[in-house]
Structure formats: C-alpha cells, structure tokens
Amino acid sequence: MNWIQVGNLEDIPRQGSRVVKTATGEIALFRSVDDQVFALNNRCPHKGGPLSQGIVHGKRVTCPLHSWVIDLESGEAISPDIGCAHRLEVRVAHGELFLEAEAGVCKA
Amino acid sequence: MEQKKKRLVVVGNGMAGIRTIEELLKMSADEFNITVFGAEPQPNYNRILLSPVLSGEMPFQDTVLNDWSWYEENHITLHTGKTVTKIDRMRCTVETDDGIVVPYDRLLIATGSNPIMLPVPGIDLPGVIGYRSIADVEQMLAAAQPGKRAVVIGGGLLGLEAANGLSLRGMQVSVVHLCEWPMERQLDKVGGGLLKEALEKRGLKFYLSRQTDAILGETAVTGLRFKDGEEIAADLVVMSAGIRPNIALAKSAGIHCERGIMVSDTMQTYDPKIYSVGECVQHRGQTYGLVAPLFEQAKVAANHLAQYGRMRYEGSSVSTKLKVTGIDLFSAGDFNPVAGDDELLLQDAARGVYKKLVLRDNKLRGAVMYGDTVDGPWYFQMMRDGTDVSEMREHLLFGQMHLGDSGHGAKAGVMDMPDTAEICGCNGVCKGTIVNTIIDKKLFTLDEVRAHTKASASCGSCTGLVEAILANTVGGDYSAKPSKKPICGCTEYAHQDMHKTIRERSLKTIPEVMKALEWKTEDGCHVCRPALNYYLLAAWPGEYVDDSRSRFINERVHANIQKDGTYSVIPRIWGGVTSPAQLRAIAEIAERHEVPTVHITGGQRIGLYGITKENLPKMWAELVEAGFVSGHAYGKSLRTVKTCVGSEWCRFGTQDSTGLGIKVEQMTWGSWTPHKFKIAVSGCPRNCAEATIKDFGIVCVDSGYEIHVGGNGGVKVRVTDFLCKVSSEAEVLEYCGAFMQLYREDAHYLDRTAPWIERVGLPFVKRHIVDDAEGRAELYARFLKSQQYSQDDPWKERAEGKEAHEFTALATIV
C-alpha cells in the first residue's frame, strides 16, 4: 500500500476533524481525545451529512444532520441504525499523517 | 483468567432479576460469571402481559423478554425448572432441590411473590388455581371451556384481568370480592361503581361484600359457599386475593425478613454479600407489585454490584392502569382526601367519564380517572415532581390539552388513531411503526423507542404521544418516566442536578465535571458535552473557556448547517430596522458571492443561504466591514428582537417600541441561553410584533409596558403568561436581563422558556423577578456581568483568522 502525507497530527484539533479533498469526494480525518486518528468517507450513510462537522466523542462521531452515531474504527453506524461510512487506512508517524494512496472515496 | 472473575448467582429468573443483570452487563460486562436459577421452565417473560395471553390477545412467545440465546450470548449459566432450596451463608453457596451446589461471591435474591391462597376448606381441590405464572394461565386455559363457570376470588387489578380474560374465552365468570366495590385500593367508590357497571355489561357477575367460607367439591371443585350461606356453582376457581412476597428461601437462610426481605437503599439485605430486588423485598416499609419500581431497584442493585456504589433507591410512587381492552382506568397516589385536602371532581355519566384529583398545598396528591385516562401520565408526573398547580387549577381537570402547553399536549385518543397517523413529523414515523417496533423488539423505555424508530428523537415535541403509545402498548401499569432522567447514557446525573452541583463543587471544566461525577465514558457524547459546556458557561462567566469541540456544528462555526452541508448567514438587523445603505451592502455581498437564495426571515432579518464553509470567513469580513455583527440565528442564544414601528409612525402606537427593541437587543445580544430565546416589542395591544408568543414579550400601553414571558410560536403554540407591568424603559431592561438570567441559571439545557415555566410554575418566576426587588437587581447584575464577556462578535474574530482550521481543508489530493 502506498501512503500520501496529508498533514500533521497537530493540524487536527483533539476531538475534532479535518477534511481531505479528493477527486472523488471528501475524506474526513478524526482525532480522538487520546490522539488516535481515523479516516472515513465524509458522508453519513443516512442522508450524506458531512461527518467531519460532527461532535467527536470516544471513538465515535455524531452526524450533524440527524444525529446518527458512527463508529470511527469500523465506519459502521451504531445499532440500531444500519449503514457504513467506509473506513480508510491512516497512519501517524512522528506526528505526520499518512493516508492510504488509492484513497478514492469508496462506494457507499 | 476465568477463575479471577467474581461469581454472581441470581435466584429468580423473572423480570426484576434479569433486569438487574441487564443493567449490570451495560455497566461492566466482564466482571462476573453469572448463574441464574429459575423455578419456572421458561426463559424470562413479561409477567405483566399474562392477561393478554389469557384473553387470547397475545401468544405467549410475544411475552418472552430474553430468549434462550440471550443467556448464551451473555455467557450466563441458566438453570430453569430448578428451585433453590438452601443458601449456605457460611460457605457462600446455594443448593437446589436436585442437588446442584453453586458458590457465589455475590448473591441476588429475586424470588418475586406468590398468590395468597385463602385458608378455607377445599383450597387444595383440583380446579383451584392461583394467578401468577404462565403455568397458571395454561391451567386456566385448559379448564376454560365455553359455557363453563369460573369464579374469581378477589376483585383487584389482577383478579379483574383474569375474569375478563376467562370471559373472553367464553366462560361464565363471577367475581367475588370482600369490599363494596372492585379495585378499592386503586379506585374510590364512584370510580369502582363505574368499573363494575362496565364489566357487568361485558357479562361479568359481581358478588360484592362477600366472604368465602369454603370451596366445595369432592374430587374437583364444584362450587363456592359464602359466609352468609349462599352457594354458587363453579368449574374453576381462580384465587386472586393478593400477593405475598416469596421470602421462604431468604428466611430459611436467616436473612432478616418482615413482610418481605428487608433491604437498604442500596438493595442490600442484612447480609452484605446478598442483594435482593423485586416483589420479594421490603424497602422502607413498602413492598411493590408493579414493574416500574422493580426496574428502578434493578438499576440501583446493578450499580452497586458493579461497584460504582453511587445510586440509592429511595422508594417509588406508583400508578395503575387496568389492562382490560376497552376500559380506561387510571389511578395514582393518595386519592382519598383527608382534612385540609381539596378535591376536584368531574363526572359526566353520559360520556362515562369520571375524574377526581386530590390537592394538598397546591400540589397533586392523587388521581382517579375513569373513561378518559389520557392525562394520567401527566398528572402522575406532576405528582412525582411536586409541581405547584395553583396557576392551572381551574383547567386542571380538563387535562393538559386545555393548558396551551408547549409541545407535549394533544395526546387525546392516541390509541384511537389509525396506524397510518403520523406521530413524529420530523422523522416521518407513523403510529403503526411505533407500536410494531415496541412489540417486535420488546422495547420498554422511551430511549429505546427513540433509538429504534427515531420517533421523538429530533425536536422532541411528540415525546408525550410516543410515551402514551409506549405505555398503552407495553401494558398500562408500566410507567416509563422516572422523575429524574439521566442526561444521557454517560452518567446517572440528571439535568436538574447540574447547575447546583457545578457551582457547589466548584467544577470548572468538562473533564473536571466528568471526573468528579464519575462519567462512564472517557469524554462524554454529543448529548452531554454540549449540556455541560452550557452549564459551565452559565456558572463561570468570563472564567470558563468555551469548548468549541463540545458545541454543535452551528454554534462552533457560527452559521446554520443546511441539508446539503452548506451554511446560512444571517446578520443582525437591530430591532428589524434597516437602511438603504445596509440593504445595498447585503445586496452587493450576495451578488459577489453568487448567493443562491436570499430570504426574509421570520425574525425581521435577511438570510443568505447556500454558502460553502470555506467562504464563510470571507463573507463575514465583508459584512463586518459594512457594520454588521452576527445574528446568532444558529445558536441557543438570543435570536432577534422583533418590533413594530410604534409611536414614531403608527397612529395607534403608545410608546417607541422600535427604539426600545433596539436597546433590548443591544443589551442581550450574544448571550448564551439553555435554548434559543426570542424577544419582541409591540407598540400597542394590537400586538403586531406578536410579542405574546415570544420567550420575553413587551406590549406597550399608554401607561407603560406590560411584560409577558414563556411564549412559544413553534411546534406547539403557547401564549405567554403575563408577568407584570412596569412604567419605564429602564425597568423593562432590568426585568428582561433578570428574567433571562433566572432562565439561564435554572432551566435545563435545551428547555425553552415555555416548558421551563410550566415545570417551575409562574409563581416561581414572579417570586424572583417581581416580588423580590433585591434578588431581581442581583440577577440583572449577574446578567450584565456575563454579557461583558459575550459581546465580541464571533464573525469578526473568525474573519480575522480565529479557528481557521474550521474553515479550510487539511489537504487536497488530486
């Protein structure tokens, strides 16, 4: 797998998110309170809400449009809602963020 | 690894015991190896629903709450059909009738109750049955051949349900009761009489004020003899003369019992390793036979088993509803008035409606309702909350609908609605969907219904309807609403605890609050974090640093998110007064940014829609340049001050309503409140600014200014309450600031002023704002102090680069 550097850990606020734009759509990078980083499609499986704008809590994000809660580790909606925001690989090395290279937006 | 886990043994596989396990698993799934003993052969089923099974309205499978796989999935060892006969407290083991011995570290006794079998001759005859378990129901059904005669001894709730069920199965049913009217513990004489009539119409026969002397029969039951000598024939006798806590096992182990197993507020028996919940316990002198208190006990017991050691069970007040389809009956509290109590009565024989409310010190003490019970849960809630009802007293009997309440009325006849009736307008959820989901998924709480159906999960205005459906679907005597609801799943603390706790314990940040109050999650969730952020902001103005990560997106980026992810921008237009220069500036900015929609808002402003996030700071910079500040149209904060043109132009105007509106807006803008806050000033009682549906409304009159509070023009319109009249603009400003501050310091987060006032009562507001001049001045001073820190224009700050990361992409991959 190839990795593309997209910025630094400190660019994302704790309990926050930033967006990486790609040719096929946006990817949301999240930073949890304990500094783990996750990447998901920036589209809620419900009605396409921008997950990057949601409140990050634990390893979850709440969509700002209708409050679906999405698990950051799997991209899956928390039960009883069903849907997936498709997770991408992201790595943190020496404070730098790397996103998997074929980071096209997955089909939802 | 397995060895290290503590061992929890539960005696009793019923609703209370299993609910405790469920609560425990939620808190700490791995702490215990759990073993459950049940005397019945079935998994845990919903005992409340035995009556519908008996009447044939529901198959037994539908009452199963936890099927076999649930036990497996949660690694619970289940022994059904086994009776625990011995507890060895020295060795810490339990022993069953067939010799299984299991050691425990913690023991939970949830043995429930047994039907009381009257000590009369013939009680052991075949055909005499108690009514407590599915086995009893099966026996009854086996005996229930159409045309045969059944006698139910005991005209209480359960007895009448049994009688009704057997009658629906085609039997001729008689009810024998010791008292003058049925259900005397839940109903007064009039209500009991109405009930009796209704049941007689359905074919039940009543023998009231009768005592059973003997059950007759040689090899099987053939009849019944009363004390007065009269005999009646019977092929089946159902004993339903009450229940008695099942304490035999506990007693034999030397655990202190009176009527029930004695437990403390932590649900512990006198042996600290042994807990007990459910119908078998006696707590503060009370025993309970309804499900809601059992669930409250389960929660507390689980909390202590999981070693959180925080909650206390302080007893429950209970309400009852008879589950006989077509008969509406509700009772709660202390409905027999004593000296000094007031009694409110409504009796409409033609409609078959009877209501009685008992008041003491302006608070509801009890309620009996027959025929129209829609408002039962509402009365019950006020009873538990101790709401002062003096203000609504004249309308109280007519129910919540007649109060012009905000958002939770209109429950009338919810069960009569067709399945296709839309209950939740926000999420498009119909009644049928809610009912089916409750049944299919066996839901018990409002939160569960919200999670599975989304009904009432958005604006919440249909919460009352959804609760009514829930209560009616799961069985009437279940009341889902504890008077204190935790803020969310992260904590046991309720909104009403927060203002006080934060101030008293001097908690200054969200992590501090979560640590001190033992939050169950690391950093909360989208429900509790914004609430805590608000409470801290209100408690420590100027000191607390607003946590943008705990703000909903609209408040974080100071614009309203739209369905397509773009934003709206609404600049403040003071008092709704604008000028050609302002309009020109807005027009030019809108043109330059190719704004797709320009809309005149309901609050006398201009909204620009369809702005992308990256563009926001640029647009704000231009607006700031033209002299605008943020309109806070996105916030739980002061929105607008709507005005009419008043005495400056209007031939009816009595005061300068526009000028006053601008002064009020300049004082209050930027303030954060528990929910949005709207103000209006009308220049005369014609009220063109619609001040009487605002949170704070000013209606100018010739001699001064009328102040109105608690209005709402939203989902459910509520007209304001008149607070007082003042004579100068300075007083209007003081009352306005004081009222907002009282609301900020007292209301729960996300309470509009309308439901807040309905909860605390207008007299509370009057006491603080009108009667107490000193207190008012202090509130006003605190309001002005916190305003010092909240009137920096957020748009200007962001146009100048604050929080730039919110508005830019991290990277672009081509």
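What you are looking at is a predicted structure, and each value in this text was computed from that prediction instead of being measured. Quick note on labels: first sequence line is chain A, next is B, and so on, each numbered from 1. Below, all heavy atoms of this structure are taken into account, side chains as well, without hydrogens, waters or symmetry copies.
Counted within 6.0 Å of CD on Glu89(A), heavy atoms from surrounding residues, nucleotides or ligands total more than 12; the atom is thus considered enclosed.
Remark: side-chain polar atoms of Asp523(B) are paired, donor with acceptor, to backbone N or O of Gly58(A) under 3.5 angstrom. At least one donor-acceptor pair under 3.5 Å links the side chain of Arg556(B) to the backbone N or O of Gln53(A). Within the 3.5 Å criterion, the main-chain N or O of Ala811(B) finds no donor-acceptor partner in the side chain of Arg18(A).
Top candidate by heavy-atom pairs under 4.5 Å with chain B, chosen from Gly7(A), Pro13(A), Ser52(A), is Pro13(A). Per-residue counts of heavy-atom pairs under 4.5 Å with chain A were compared for Val527(B), Asp547(B), Ile553(B); the largest is that of Ile553(B). The residue among Val19(A), Val61(A), Asp11(A) with the most heavy atom pairs within less than 4.5 Å of chain B is Val19(A). Counting heavy-atom pairs under 4.5 Å between each of Lys613(B), His452(B), Glu522(B), Arg529(B) and chain A puts Arg529(B) at the top.
Of the atoms belonging to Leu97(A), it is side-chain heavy atoms, and not backbone ones, that fall under 4.5 Å from chain B. Contacts between Pro64(A) and chain B at a heavy-atom distance below 4.5 Å involve backbone atoms as well as side-chain atoms. Contact of Gln562(B) with chain A is made through the backbone alone, with heavy-atom distances under 4.5 Å. Using a 4.5 Å cut-off between heavy atoms, Arg14(A) touches chain B through its backbone atoms (N, CA, C, O) alone. If you measure heavy-atom distances from Ser550(B) to chain A, the contacts under 4.5 Å come from the backbone alone. Ser17(A) touches chain B through its backbone: at least one of N, CA, C or O sits under 4.5 Å from a heavy atom, while the side chain does not.
Of all heavy-atom pairs between Arg549(B) and Gly16(A), the closest is NH2-CA, 3.3 Å. The two residues Pro50(A) and Gly565(B) come nearest to each other via the heavy atoms CG-CA, 4.3 Å. Heavy-atom minimum distance, His526(B) versus Val69(A): CE1-CG2, 3.7 Å. For the residue pair Asp81(A) and Ala451(B), the shortest heavy atom distance occurs at OD1-O, 4.5 Å.
Taking CD of Glu10(A) as the start and NE2 of His805(B) as the end, the distance is 12.5 Å to the nearest 0.5 Å. Here CG of Leu810(B) is found 6.5 Å from CG of Leu29(A). Values are rounded to the nearest 0.5 Å.
For the pair Cys525(B) and Thr62(A), the minimum side-chain heavy-atom distance is 4.5 Å or more.
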**OP:** For Val20(A) and Thr812(B), run side-chain contact (heavy atoms from CB on, under 4.5 Å): C-alpha distance rounded to whole Å, both residues' side-chain angles, the deciding distance at 0.1 Å, then the answer.
**Re:** CA-CA 5 Å; Val20(A) 172; Thr812(B) 302; over 6 Å; no
